[in-house]
There are 2 protein chains.
Amino acid sequence: MERKRGRPRKYDPEIALDAALTLFWTRGYAATTLDALSEATGMQRPSLYAAFGDKSELFAQALGRFQQRMSQTLGAVLEQDPLDTALAELLVGVVDVYAPGDEPARGCFVFSVAALEAVEHPTTRAAVAKVVDALDERLRRRFERAVSAGELPAHCDVLTLARLSSAAVHSISLRARSGSSRRALRAFARASAAMLLSAARA
Amino acid sequence: MERKRGRPRKYDPEIALDAALTLFWTRGYAATTLDALSEATGMQRPSLYAAFGDKSELFAQALGRFQQRMSQTLGAVLEQDPLDTALAELLVGVVDVYAPGDEPARGCFVFSVAALEAVEHPTTRAAVAKVVDALDERLRRRFERAVSAGELPAHCDVLTLARLSSAAVHSISLRARSGSSRRALRAFARASAAMLLSAARA
DNA sequence: ACTATTTTGTACTGGATCGAATAAAACATC
DNA sequence: GATGTTTTATTCGATCCAGTACAAAATAGT
(Lines give C-alpha, C1' and ligand atoms only; values in the text may rest on other atoms or scores of the structure.)
Protein backbone atom coordinates (compact mmCIF):
# COMPACT_ATOMS: atom_id res chain seq x y z
CA MET A 1 0.00 0.00 0.00
CA GLU A 2 1.90 3.00 -1.31
CA ARG A 3 1.73 6.54 -0.08
CA LYS A 4 -0.21 8.92 -2.29
CA ARG A 5 1.26 11.76 -4.21
CA GLY A 6 0.27 15.12 -2.74
CA ARG A 7 -0.12 16.67 0.66
CA PRO A 8 -1.31 14.13 3.21
CA ARG A 9 -4.77 14.26 4.73
CA LYS A 10 -5.16 15.45 8.26
CA TYR A 11 -8.42 13.61 8.72
CA ASP A 12 -9.60 10.04 8.70
CA PRO A 13 -12.66 9.87 6.42
CA GLU A 14 -14.30 7.23 8.58
CA ILE A 15 -13.88 9.18 11.79
CA ALA A 16 -15.01 12.37 10.11
CA LEU A 17 -18.11 10.65 8.77
CA ASP A 18 -18.90 9.39 12.24
CA ALA A 19 -18.60 12.90 13.60
CA ALA A 20 -20.94 14.18 10.91
CA LEU A 21 -23.38 11.39 11.68
CA THR A 22 -23.36 12.29 15.34
CA LEU A 23 -24.09 15.92 14.58
CA PHE A 24 -26.93 15.19 12.16
CA TRP A 25 -28.26 12.70 14.68
CA THR A 26 -28.71 15.27 17.40
CA ARG A 27 -29.67 18.36 15.42
CA GLY A 28 -31.37 17.00 12.34
CA TYR A 29 -30.54 17.82 8.75
CA ALA A 30 -31.68 21.42 8.41
CA ALA A 31 -30.34 22.68 11.72
CA THR A 32 -26.89 21.25 11.12
CA THR A 33 -24.70 23.91 9.55
CA LEU A 34 -21.60 23.33 7.50
CA ASP A 35 -19.65 25.38 10.02
CA ALA A 36 -20.69 22.98 12.76
CA LEU A 37 -19.85 20.01 10.57
CA SER A 38 -16.50 21.52 9.78
CA GLU A 39 -15.71 22.01 13.43
CA ALA A 40 -16.94 18.58 14.48
CA THR A 41 -15.01 16.74 11.78
CA GLY A 42 -11.92 18.89 12.04
CA MET A 43 -12.10 19.35 8.29
CA GLN A 44 -12.24 22.65 6.49
CA ARG A 45 -15.22 23.23 4.29
CA PRO A 46 -13.49 22.64 0.96
CA SER A 47 -12.20 19.34 2.33
CA LEU A 48 -15.71 18.34 3.26
CA TYR A 49 -16.88 19.02 -0.25
CA ALA A 50 -13.97 17.18 -1.79
CA ALA A 51 -14.49 14.14 0.41
CA PHE A 52 -18.26 13.82 0.64
CA GLY A 53 -19.88 16.25 -1.78
CA ASP A 54 -22.46 18.75 -0.63
CA LYS A 55 -24.56 18.70 2.51
CA SER A 56 -27.23 16.35 1.23
CA GLU A 57 -24.67 13.87 -0.07
CA LEU A 58 -22.89 13.93 3.25
CA PHE A 59 -26.18 13.25 4.98
CA ALA A 60 -26.88 10.33 2.66
CA GLN A 61 -23.48 8.84 3.40
CA ALA A 62 -23.98 9.27 7.12
CA LEU A 63 -27.27 7.46 6.77
CA GLY A 64 -25.63 4.65 4.87
CA ARG A 65 -23.00 4.29 7.52
CA PHE A 66 -25.55 4.18 10.33
CA GLN A 67 -27.65 1.65 8.50
CA GLN A 68 -24.73 -0.62 7.76
CA ARG A 69 -23.48 -0.57 11.33
CA MET A 70 -26.95 -1.10 12.77
CA SER A 71 -27.65 -3.94 10.41
CA GLN A 72 -24.51 -5.79 11.41
CA THR A 73 -24.97 -5.31 15.12
CA LEU A 74 -28.61 -6.28 15.27
CA GLY A 75 -28.26 -9.09 12.78
CA ALA A 76 -25.77 -10.88 14.98
CA VAL A 77 -27.89 -10.49 18.10
CA LEU A 78 -31.00 -11.77 16.38
CA GLU A 79 -29.46 -14.98 15.11
CA GLN A 80 -28.89 -16.24 18.62
CA ASP A 81 -30.73 -19.18 20.14
CA PRO A 82 -33.18 -19.63 21.66
CA LEU A 83 -35.68 -17.26 20.12
CA ASP A 84 -36.76 -15.78 23.43
CA THR A 85 -33.34 -14.47 24.33
CA ALA A 86 -32.68 -13.36 20.76
CA LEU A 87 -35.75 -11.14 20.71
CA ALA A 88 -35.24 -9.84 24.24
CA GLU A 89 -31.61 -9.02 23.59
CA LEU A 90 -32.47 -7.34 20.33
CA LEU A 91 -34.89 -4.99 22.02
CA VAL A 92 -32.68 -4.37 25.02
CA GLY A 93 -29.77 -3.92 22.63
CA VAL A 94 -31.43 -1.10 20.74
CA VAL A 95 -31.88 0.74 24.02
CA ASP A 96 -28.10 0.94 24.28
CA VAL A 97 -27.88 2.42 20.80
CA TYR A 98 -30.78 4.83 21.13
CA ALA A 99 -30.11 5.99 24.69
CA PRO A 100 -26.45 5.28 25.33
CA GLY A 101 -25.48 7.62 28.13
CA ASP A 102 -26.53 10.47 30.32
CA GLU A 103 -26.87 13.28 27.78
CA PRO A 104 -30.25 13.66 26.06
CA ALA A 105 -30.90 10.45 24.13
CA ARG A 106 -31.21 10.69 20.38
CA GLY A 107 -33.28 7.68 19.43
CA CYS A 108 -32.70 6.12 16.03
CA PHE A 109 -31.01 8.15 13.34
CA VAL A 110 -33.18 6.70 10.62
CA PHE A 111 -36.52 6.67 12.43
CA SER A 112 -36.17 10.04 14.12
CA VAL A 113 -33.90 12.16 11.93
CA ALA A 114 -33.98 10.79 8.40
CA ALA A 115 -37.73 10.19 8.65
CA LEU A 116 -38.30 13.91 8.96
CA GLU A 117 -36.80 14.50 5.54
CA ALA A 118 -38.82 11.67 4.06
CA VAL A 119 -41.77 13.84 3.06
CA GLU A 120 -39.92 16.19 0.78
CA HIS A 121 -36.94 14.09 -0.30
CA PRO A 122 -38.00 10.91 -2.10
CA THR A 123 -34.50 9.50 -1.93
CA THR A 124 -34.43 9.73 1.83
CA ARG A 125 -37.98 8.40 2.00
CA ALA A 126 -36.89 5.34 0.04
CA ALA A 127 -33.90 4.88 2.31
CA VAL A 128 -36.06 5.02 5.43
CA ALA A 129 -38.55 2.59 3.92
CA LYS A 130 -35.72 0.24 3.09
CA VAL A 131 -34.50 0.21 6.68
CA VAL A 132 -38.01 -0.34 8.02
CA ASP A 133 -38.62 -3.16 5.56
CA ALA A 134 -35.25 -4.74 6.23
CA LEU A 135 -35.95 -4.98 9.94
CA ASP A 136 -39.39 -6.44 9.28
CA GLU A 137 -37.89 -8.97 6.93
CA ARG A 138 -35.08 -9.98 9.24
CA LEU A 139 -37.48 -10.52 12.09
CA ARG A 140 -39.91 -12.44 9.93
CA ARG A 141 -37.19 -14.83 8.78
CA ARG A 142 -36.05 -15.31 12.35
CA PHE A 143 -39.59 -16.15 13.43
CA GLU A 144 -39.97 -18.53 10.52
CA ARG A 145 -36.81 -20.26 11.58
CA ALA A 146 -38.30 -20.53 15.07
CA VAL A 147 -41.39 -22.14 13.60
CA SER A 148 -39.20 -24.64 11.78
CA ALA A 149 -37.32 -25.31 15.00
CA GLY A 150 -40.56 -25.92 16.87
CA GLU A 151 -40.11 -22.87 19.07
CA LEU A 152 -43.29 -21.36 17.72
CA PRO A 153 -46.50 -23.03 16.57
CA ALA A 154 -46.96 -23.45 12.84
CA HIS A 155 -50.19 -21.48 12.68
CA CYS A 156 -48.78 -18.24 14.07
CA ASP A 157 -48.83 -15.02 12.04
CA VAL A 158 -45.11 -14.48 11.63
CA LEU A 159 -45.53 -11.44 9.43
CA THR A 160 -47.56 -9.48 11.95
CA LEU A 161 -45.35 -10.75 14.72
CA ALA A 162 -42.35 -9.37 12.88
CA ARG A 163 -43.99 -6.02 12.18
CA LEU A 164 -45.13 -5.66 15.75
CA SER A 165 -41.65 -6.45 16.96
CA SER A 166 -40.37 -3.74 14.64
CA ALA A 167 -43.00 -1.48 16.13
CA ALA A 168 -41.47 -2.07 19.54
CA VAL A 169 -38.13 -0.93 18.12
CA HIS A 170 -39.73 2.16 16.58
CA SER A 171 -41.35 2.92 19.89
CA ILE A 172 -38.14 2.53 21.84
CA SER A 173 -36.54 5.04 19.50
CA LEU A 174 -39.29 7.56 20.07
CA ARG A 175 -39.43 7.00 23.80
CA ALA A 176 -35.68 7.38 24.07
CA ARG A 177 -35.74 10.69 22.21
CA SER A 178 -38.61 11.93 24.31
CA GLY A 179 -36.54 11.44 27.44
CA SER A 180 -37.57 8.08 28.83
CA SER A 181 -34.97 6.65 31.21
CA ARG A 182 -32.76 3.73 30.23
CA ARG A 183 -34.29 1.80 33.07
CA ALA A 184 -37.82 2.36 31.79
CA LEU A 185 -36.77 1.56 28.23
CA ARG A 186 -35.17 -1.72 29.23
CA ALA A 187 -38.26 -2.68 31.21
CA PHE A 188 -40.43 -1.93 28.19
CA ALA A 189 -38.09 -3.89 25.94
CA ARG A 190 -38.19 -7.01 28.11
CA ALA A 191 -41.92 -6.88 28.77
CA SER A 192 -42.59 -6.36 25.07
CA ALA A 193 -40.49 -9.33 24.07
CA ALA A 194 -42.33 -11.50 26.54
CA MET A 195 -45.75 -10.36 25.42
CA LEU A 196 -44.97 -10.70 21.73
CA LEU A 197 -43.85 -14.27 22.21
CA SER A 198 -46.85 -15.11 24.34
CA ALA A 199 -48.99 -13.75 21.52
CA ALA A 200 -47.14 -15.93 19.04
CA ARG A 201 -47.87 -18.99 21.14
CA ALA A 202 -51.51 -18.17 21.79
CA MET B 1 -70.16 40.49 21.06
CA GLU B 2 -69.05 43.94 20.06
CA ARG B 3 -66.75 44.88 17.26
CA LYS B 4 -63.26 45.89 18.28
CA ARG B 5 -61.82 49.33 17.93
CA GLY B 6 -59.13 49.41 15.26
CA ARG B 7 -58.64 48.04 11.79
CA PRO B 8 -60.24 44.61 11.41
CA ARG B 9 -58.18 41.46 10.98
CA LYS B 10 -57.95 39.85 7.62
CA TYR B 11 -57.15 36.44 9.07
CA ASP B 12 -58.84 33.92 11.32
CA PRO B 13 -56.33 32.94 14.03
CA GLU B 14 -57.57 29.37 14.12
CA ILE B 15 -57.31 28.88 10.39
CA ALA B 16 -53.91 30.54 10.34
CA LEU B 17 -52.66 28.29 13.12
CA ASP B 18 -53.86 25.26 11.20
CA ALA B 19 -51.96 26.44 8.15
CA ALA B 20 -48.82 26.91 10.23
CA LEU B 21 -49.28 23.44 11.72
CA THR B 22 -49.57 21.93 8.27
CA LEU B 23 -46.40 23.61 7.13
CA PHE B 24 -44.36 22.59 10.18
CA TRP B 25 -45.80 19.11 9.82
CA THR B 26 -44.40 18.60 6.37
CA ARG B 27 -41.10 20.50 6.56
CA GLY B 28 -40.13 20.31 10.20
CA TYR B 29 -39.26 23.22 12.44
CA ALA B 30 -35.91 24.35 11.08
CA ALA B 31 -36.76 24.11 7.39
CA THR B 32 -39.95 26.11 7.78
CA THR B 33 -39.21 29.77 7.08
CA LEU B 34 -41.22 32.72 8.23
CA ASP B 35 -41.73 33.70 4.63
CA ALA B 36 -43.37 30.35 3.97
CA LEU B 37 -45.44 30.66 7.12
CA SER B 38 -46.47 34.14 6.10
CA GLU B 39 -47.57 32.95 2.69
CA ALA B 40 -49.36 29.86 3.99
CA THR B 41 -51.28 31.75 6.64
CA GLY B 42 -51.95 34.77 4.50
CA MET B 43 -50.60 36.90 7.34
CA GLN B 44 -47.81 39.39 7.06
CA ARG B 45 -44.81 38.83 9.27
CA PRO B 46 -45.62 41.50 11.85
CA SER B 47 -49.12 40.07 12.18
CA LEU B 48 -47.64 36.65 12.85
CA TYR B 49 -45.52 38.04 15.64
CA ALA B 50 -48.40 39.99 17.11
CA ALA B 51 -50.69 36.97 17.08
CA PHE B 52 -48.40 34.10 18.01
CA GLY B 53 -45.03 35.44 19.11
CA ASP B 54 -41.81 34.29 17.51
CA LYS B 55 -41.19 31.14 15.52
CA SER B 56 -40.67 28.82 18.46
CA GLU B 57 -43.80 30.07 20.20
CA LEU B 58 -45.79 29.55 17.04
CA PHE B 59 -44.45 26.02 16.83
CA ALA B 60 -45.42 25.37 20.43
CA GLN B 61 -48.95 26.58 19.78
CA ALA B 62 -49.22 24.45 16.68
CA LEU B 63 -48.15 21.49 18.75
CA GLY B 64 -50.74 22.27 21.38
CA ARG B 65 -53.42 22.49 18.77
CA PHE B 66 -52.45 19.17 17.20
CA GLN B 67 -52.32 17.46 20.57
CA GLN B 68 -55.69 18.77 21.63
CA ARG B 69 -57.40 17.75 18.42
CA MET B 70 -55.75 14.33 18.40
CA SER B 71 -56.67 13.71 22.00
CA GLN B 72 -60.32 14.44 21.42
CA THR B 73 -60.58 12.36 18.27
CA LEU B 74 -58.84 9.30 19.59
CA GLY B 75 -60.39 9.51 23.01
CA ALA B 76 -63.86 9.16 21.58
CA VAL B 77 -62.91 6.23 19.38
CA LEU B 78 -61.26 4.38 22.23
CA GLU B 79 -64.21 4.55 24.58
CA GLN B 80 -66.33 2.46 22.27
CA ASP B 81 -67.47 -1.04 23.07
CA PRO B 82 -66.50 -3.77 22.72
CA LEU B 83 -62.79 -3.53 23.30
CA ASP B 84 -61.87 -5.33 20.11
CA THR B 85 -63.50 -2.80 17.83
CA ALA B 86 -62.30 0.10 19.95
CA LEU B 87 -58.67 -0.91 19.56
CA ALA B 88 -59.00 -1.82 15.90
CA GLU B 89 -60.75 1.44 15.07
CA LEU B 90 -58.19 3.40 17.03
CA LEU B 91 -55.34 1.98 15.01
CA VAL B 92 -57.17 2.21 11.70
CA GLY B 93 -58.23 5.71 12.66
CA VAL B 94 -54.69 6.96 13.09
CA VAL B 95 -53.93 5.78 9.58
CA ASP B 96 -56.41 8.35 8.32
CA VAL B 97 -54.69 11.09 10.28
CA TYR B 98 -51.14 10.08 9.44
CA ALA B 99 -51.66 9.20 5.80
CA PRO B 100 -54.80 11.05 4.74
CA GLY B 101 -54.52 11.35 1.01
CA ASP B 102 -52.40 10.81 -2.04
CA GLU B 103 -49.60 13.31 -1.46
CA PRO B 104 -46.61 12.10 0.61
CA ALA B 105 -47.91 11.15 4.04
CA ARG B 106 -46.59 13.05 7.03
CA GLY B 107 -47.05 10.65 9.93
CA CYS B 108 -47.67 12.12 13.35
CA PHE B 109 -46.76 15.72 14.02
CA VAL B 110 -45.59 14.96 17.54
CA PHE B 111 -43.81 11.67 16.92
CA SER B 112 -42.13 12.66 13.67
CA VAL B 113 -41.67 16.43 13.74
CA ALA B 114 -41.68 17.59 17.34
CA ALA B 115 -39.62 14.58 18.40
CA LEU B 116 -36.73 15.83 16.28
CA GLU B 117 -36.51 18.98 18.36
CA ALA B 118 -36.72 16.99 21.58
CA VAL B 119 -32.97 16.55 21.95
CA GLU B 120 -32.03 20.19 22.08
CA HIS B 121 -35.21 21.79 23.34
CA PRO B 122 -36.25 20.47 26.75
CA THR B 123 -39.66 22.13 26.51
CA THR B 124 -40.48 20.28 23.32
CA ARG B 125 -39.04 17.10 24.78
CA ALA B 126 -41.40 17.39 27.72
CA ALA B 127 -44.31 18.03 25.40
CA VAL B 128 -43.52 14.93 23.35
CA ALA B 129 -43.13 12.83 26.48
CA LYS B 130 -46.47 14.09 27.71
CA VAL B 131 -48.21 12.99 24.52
CA VAL B 132 -46.54 9.58 24.61
CA ASP B 133 -47.45 9.09 28.24
CA ALA B 134 -50.99 10.30 27.73
CA LEU B 135 -51.61 7.72 25.03
CA ASP B 136 -50.12 4.98 27.20
CA GLU B 137 -52.32 6.04 30.08
CA ARG B 138 -55.48 6.25 28.05
CA LEU B 139 -54.93 2.80 26.63
CA ARG B 140 -54.07 1.35 30.00
CA ARG B 141 -57.27 2.67 31.52
CA ARG B 142 -59.27 1.31 28.62
CA PHE B 143 -57.71 -2.13 29.09
CA GLU B 144 -58.38 -2.00 32.81
CA ARG B 145 -61.97 -1.21 32.10
CA ALA B 146 -62.00 -4.23 29.78
CA VAL B 147 -60.66 -6.37 32.60
CA SER B 148 -63.42 -5.11 34.87
CA ALA B 149 -65.95 -5.86 32.17
CA GLY B 150 -64.65 -9.39 31.78
CA GLU B 151 -63.40 -8.76 28.25
CA LEU B 152 -59.85 -9.51 29.34
CA PRO B 153 -58.55 -11.94 31.93
CA ALA B 154 -57.62 -10.45 35.29
CA HIS B 155 -54.01 -11.63 35.18
CA CYS B 156 -53.06 -9.83 31.97
CA ASP B 157 -50.32 -7.21 31.89
CA VAL B 158 -52.36 -4.14 31.00
CA LEU B 159 -49.42 -1.78 31.27
CA THR B 160 -47.33 -3.57 28.67
CA LEU B 161 -50.39 -4.14 26.57
CA ALA B 162 -51.02 -0.41 26.57
CA ARG B 163 -47.43 0.45 25.76
CA LEU B 164 -47.28 -2.06 22.97
CA SER B 165 -50.50 -0.69 21.54
CA SER B 166 -48.91 2.75 21.67
CA ALA B 167 -45.95 1.25 19.89
CA ALA B 168 -48.24 0.19 17.07
CA VAL B 169 -49.37 3.82 16.79
CA HIS B 170 -45.77 5.03 16.78
CA SER B 171 -44.96 2.52 14.10
CA ILE B 172 -47.90 3.50 11.93
CA SER B 173 -46.67 7.08 12.09
CA LEU B 174 -43.20 6.09 10.96
CA ARG B 175 -44.42 3.73 8.26
CA ALA B 176 -46.77 6.38 6.93
CA ARG B 177 -43.99 8.94 6.69
CA SER B 178 -41.71 6.42 5.03
CA GLY B 179 -44.23 5.96 2.24
CA SER B 180 -46.20 2.86 3.16
CA SER B 181 -49.54 2.69 1.37
CA ARG B 182 -52.78 3.32 3.18
CA ARG B 183 -53.79 -0.21 2.29
CA ALA B 184 -50.71 -1.68 3.91
CA LEU B 185 -51.07 0.56 6.95
CA ARG B 186 -54.67 -0.47 7.49
CA ALA B 187 -53.74 -4.12 7.18
CA PHE B 188 -51.00 -3.65 9.75
CA ALA B 189 -53.38 -1.80 12.04
CA ARG B 190 -55.99 -4.53 11.98
CA ALA B 191 -53.53 -7.40 12.30
CA SER B 192 -51.80 -5.64 15.19
CA ALA B 193 -55.03 -5.10 17.07
CA ALA B 194 -55.89 -8.76 16.68
CA MET B 195 -52.50 -9.96 17.82
CA LEU B 196 -52.35 -7.61 20.80
CA LEU B 197 -55.70 -8.83 22.03
CA SER B 198 -54.77 -12.46 21.52
CA ALA B 199 -51.68 -11.77 23.60
CA ALA B 200 -53.79 -10.21 26.30
CA ARG B 201 -55.94 -13.33 26.44
CA ALA B 202 -53.07 -15.79 26.38
C1' DA C 1 -64.94 65.80 10.96
C1' DC C 2 -61.58 64.49 14.36
C1' DT C 3 -59.15 61.42 17.42
C1' DA C 4 -57.71 57.08 19.25
C1' DT C 5 -56.79 52.33 18.30
C1' DT C 6 -55.72 48.25 15.98
C1' DT C 7 -53.98 45.93 12.03
C1' DT C 8 -51.69 45.83 7.59
C1' DG C 9 -47.99 46.33 4.25
C1' DT C 10 -43.37 47.64 3.01
C1' DA C 11 -38.80 47.94 3.86
C1' DC C 12 -34.82 47.25 6.40
C1' DT C 13 -30.99 45.26 9.32
C1' DG C 14 -27.76 42.45 11.20
C1' DG C 15 -26.36 37.97 10.98
C1' DA C 16 -26.13 33.29 9.40
C1' DT C 17 -25.45 30.04 5.57
C1' DC C 18 -24.02 27.48 1.49
C1' DG C 19 -20.98 26.84 -1.87
C1' DA C 20 -16.88 28.27 -4.48
C1' DA C 21 -12.55 30.68 -5.73
C1' DT C 22 -7.85 31.31 -4.62
C1' DA C 23 -3.55 30.83 -2.63
C1' DA C 24 -0.39 28.49 0.42
C1' DA C 25 1.42 24.08 2.25
C1' DA C 26 3.07 19.35 2.20
C1' DC C 27 4.21 15.44 -0.03
C1' DA C 28 6.16 12.04 -4.11
C1' DT C 29 8.69 11.65 -8.23
C1' DC C 30 12.17 12.88 -11.47
C1' DG D 1 16.54 20.74 -6.02
C1' DA D 2 12.76 21.36 -9.54
C1' DT D 3 8.11 19.85 -10.89
C1' DG D 4 3.61 18.13 -10.47
C1' DT D 5 -0.08 16.71 -7.40
C1' DT D 6 -3.04 16.62 -3.62
C1' DT D 7 -4.77 18.72 0.43
C1' DT D 8 -5.25 22.58 3.57
C1' DA D 9 -6.42 27.27 4.95
C1' DT D 10 -8.38 31.71 4.11
C1' DT D 11 -11.55 34.51 2.01
C1' DC D 12 -15.34 35.98 -0.67
C1' DG D 13 -19.94 36.60 -2.58
C1' DA D 14 -24.67 35.87 -3.21
C1' DT D 15 -28.51 34.39 -0.91
C1' DC D 16 -31.48 33.57 2.73
C1' DC D 17 -33.34 34.21 7.33
C1' DA D 18 -35.53 36.00 11.75
C1' DG D 19 -37.08 39.75 13.79
C1' DT D 20 -38.23 44.86 13.84
C1' DA D 21 -39.28 49.85 12.53
C1' DC D 22 -42.34 52.75 10.42
C1' DA D 23 -45.89 54.58 7.84
C1' DA D 24 -50.40 53.81 5.67
C1' DA D 25 -55.03 51.88 6.14
C1' DA D 26 -59.27 50.78 8.30
C1' DT D 27 -62.35 50.80 11.94
C1' DA D 28 -65.01 52.74 16.57
C1' DG D 29 -65.96 56.36 19.52
C1' DT D 30 -66.71 61.53 20.26
Side-chain angles (χ1 to χ4, degrees), chain A residues 1-63 113 116-117 120-121 123-124, chain B residues 1-17 19-63 113-114 116-117 120-121 123-124:
Chain A
M1 183 160 176
E2 308 189 4
R3 203 93 161 65
K4 272 191 300 187
R5 214 33 156 79
R7 178 170 175 172
R9 301 190 151 144
K10 278 198 166 178
Y11 62 90
D12 177 344
E14 307 247 321
I15 294 178
L17 189 53
D18 279 342
L21 170 60
T22 295
L23 210 56
F24 280 131
W25 199 343
T26 58
R27 300 189 188 176
Y29 177 76
T32 302
T33 69
L34 283 180
D35 281 333
L37 286 166
S38 172
E39 188 184 347
T41 58
M43 299 166 65
Q44 299 292 344
R45 281 238 284 276
S47 300
L48 275 174
Y49 279 86
F52 304 111
D54 70 3
K55 191 180 171 184
S56 67
E57 293 177 85
L58 175 54
F59 183 81
Q61 290 178 54
L63 194 155
V113 176
L116 188 79
E117 311 301 319
E120 301 214 297
H121 297 100
T123 306
T124 307
Chain B
M1 182 162 176
E2 309 191 2
R3 206 96 162 60
K4 270 190 303 188
R5 235 336 185 110
R7 177 170 174 172
R9 304 191 147 141
K10 279 200 167 176
Y11 60 90
D12 177 343
E14 307 247 321
I15 294 177
L17 189 54
L21 170 60
T22 296
L23 209 56
F24 280 130
W25 199 344
T26 58
R27 300 189 188 175
Y29 177 76
T32 301
T33 69
L34 283 181
D35 281 333
L37 286 167
S38 171
E39 188 184 348
T41 58
M43 299 165 66
Q44 298 293 345
R45 231 108 69 102
S47 299
L48 274 174
Y49 278 85
F52 304 111
D54 69 4
K55 189 180 171 183
S56 67
E57 294 176 84
L58 175 54
F59 184 81
Q61 291 178 53
L63 194 155
V113 177
L116 188 79
E117 310 302 319
E120 301 214 295
H121 296 99
T123 305
T124 306

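Since we're looking at a predicted model, the values are computed, not measured. Below, chains carry the letters A, B, ... as their sequence lines are ordered, and counting in each starts from 1.
- Regarding Met43(A), its CE atom lies at a distance of 15 Å from the P atom of dT10(D), rounded to whole Å.
- The minimum heavy-atom distance linking Leu23(B) with Thr32(B) is given by the pair O-OG1, 3.7 Å.
- Between Leu37(A) and Thr41(A), the closest heavy-atom pair is O-OG1, 2.7 Å.
- Taking side-chain N and O atoms only, Gln44(B) has a distance below 4.0 Å to OP1 or OP2 of dG9(C).
- In this structure, Thr26(A) and Glu120(B) approach most closely via the heavy-atom pair O-CG, 4.2 Å.
- Smallest separation of non-hydrogen atoms from Ala51(B) and Tyr11(B): CB-OH, 3.6 Å.
- One can place CG of Asp35(A) at 12 Å from C1' of dG15(C), the figure rounded to the nearest angstrom.
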Take Asp35(A) and Arg45(A) through the side-chain contact (heavy atoms from CB on, under 4.5 Å) test and state the conclusion after the steps.
CA-CA 8 Å; Asp35(A) 281 333; Arg45(A) 281 238 284 276; 2.5 Å; yes
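- Legend: residues meeting side-chain contact (heavy atoms from CB on, under 4.5 Å) with Ala31(A), ordered by chain and number and at least two apart, are Arg27(A), Ala30(B).
- Ring-plane geometry between Phe24(B) and Tyr29(B) is classed as parallel, the angle between the planes falling under 30 degrees on a 0 to 90 degree scale with a further cut at 60.
- Taking the screw axis at each terminus of the helix from dA1(C)-dT30(D) to dC30(C)-dG1(D) from five consecutive base pairs, the angle between the two is 0° to within rounding of 10 degrees.
- Rounding to whole angstrom units, OH of residue Tyr11(B) and P of dG9(C) are separated by 11 Å.
- The distance from atom CZ of Phe59(A) to atom C1' of dC18(C) is 17 Å, rounded to the nearest whole Å.
- Taken residue by residue, residues 25-34 of chain B places no heavy atom nearer than 4.0 Å to DNA chain C.
- Residues satisfying the side-chain contact (heavy atoms from CB on, under 4.5 Å) criterion with Pro46(B), sequence neighbours excluded, are Gln44(B).
- Contact detail for Trp25(A) and Val113(A): the closest heavy-atom pair is O-CG2, 3.4 Å.
- Remark: Glu57(B) CD is packed, more than 12 non-hydrogen atoms of other residues, nucleotides or ligands lying under 6.0 Å away.
- Ala114(B) approaches Phe59(B) most closely through the heavy-atom pair CA-CZ, 4.0 Å.
- One distance of note links CE of Met43(A) with CD1 of Ile15(A); it measures 11.5 Å at 0.5 Å rounding.
- Contacts of residues 46-57 of chain B with DNA chain D (heavy atom under 4.0 Å): Pro46(B), Tyr49(B), Asp54(B), Lys55(B).
- Using modelled atom types, one side-chain atom of Thr22(A) and one backbone atom of Asp18(A) make a donor-acceptor pair closer than 3.5 Å.
- Counting distance only, with no hydrogens placed and no angle test, the side-chain atoms of Arg45(A) and the base atoms of dA20(C) include no donor-acceptor pair under 3.5 Å.
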Enumerate all atom pairs, one protein N or O and one N or O from nucleotides 2-6 of chain C, separated by less than 3.5 Å.
{"residue": "dA4(C)", "atom": "N3", "partner": "Arg5(B)", "partner atom": "NH1", "Å": "3.2"}
{"residue": "dT6(C)", "atom": "O2", "partner": "Arg7(B)", "partner atom": "N", "Å": "2.8"}

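- Not one side-chain nitrogen or oxygen of Lys10(B) sits closer than 4.0 Å to the OP1 or OP2 atom of dA26(D).
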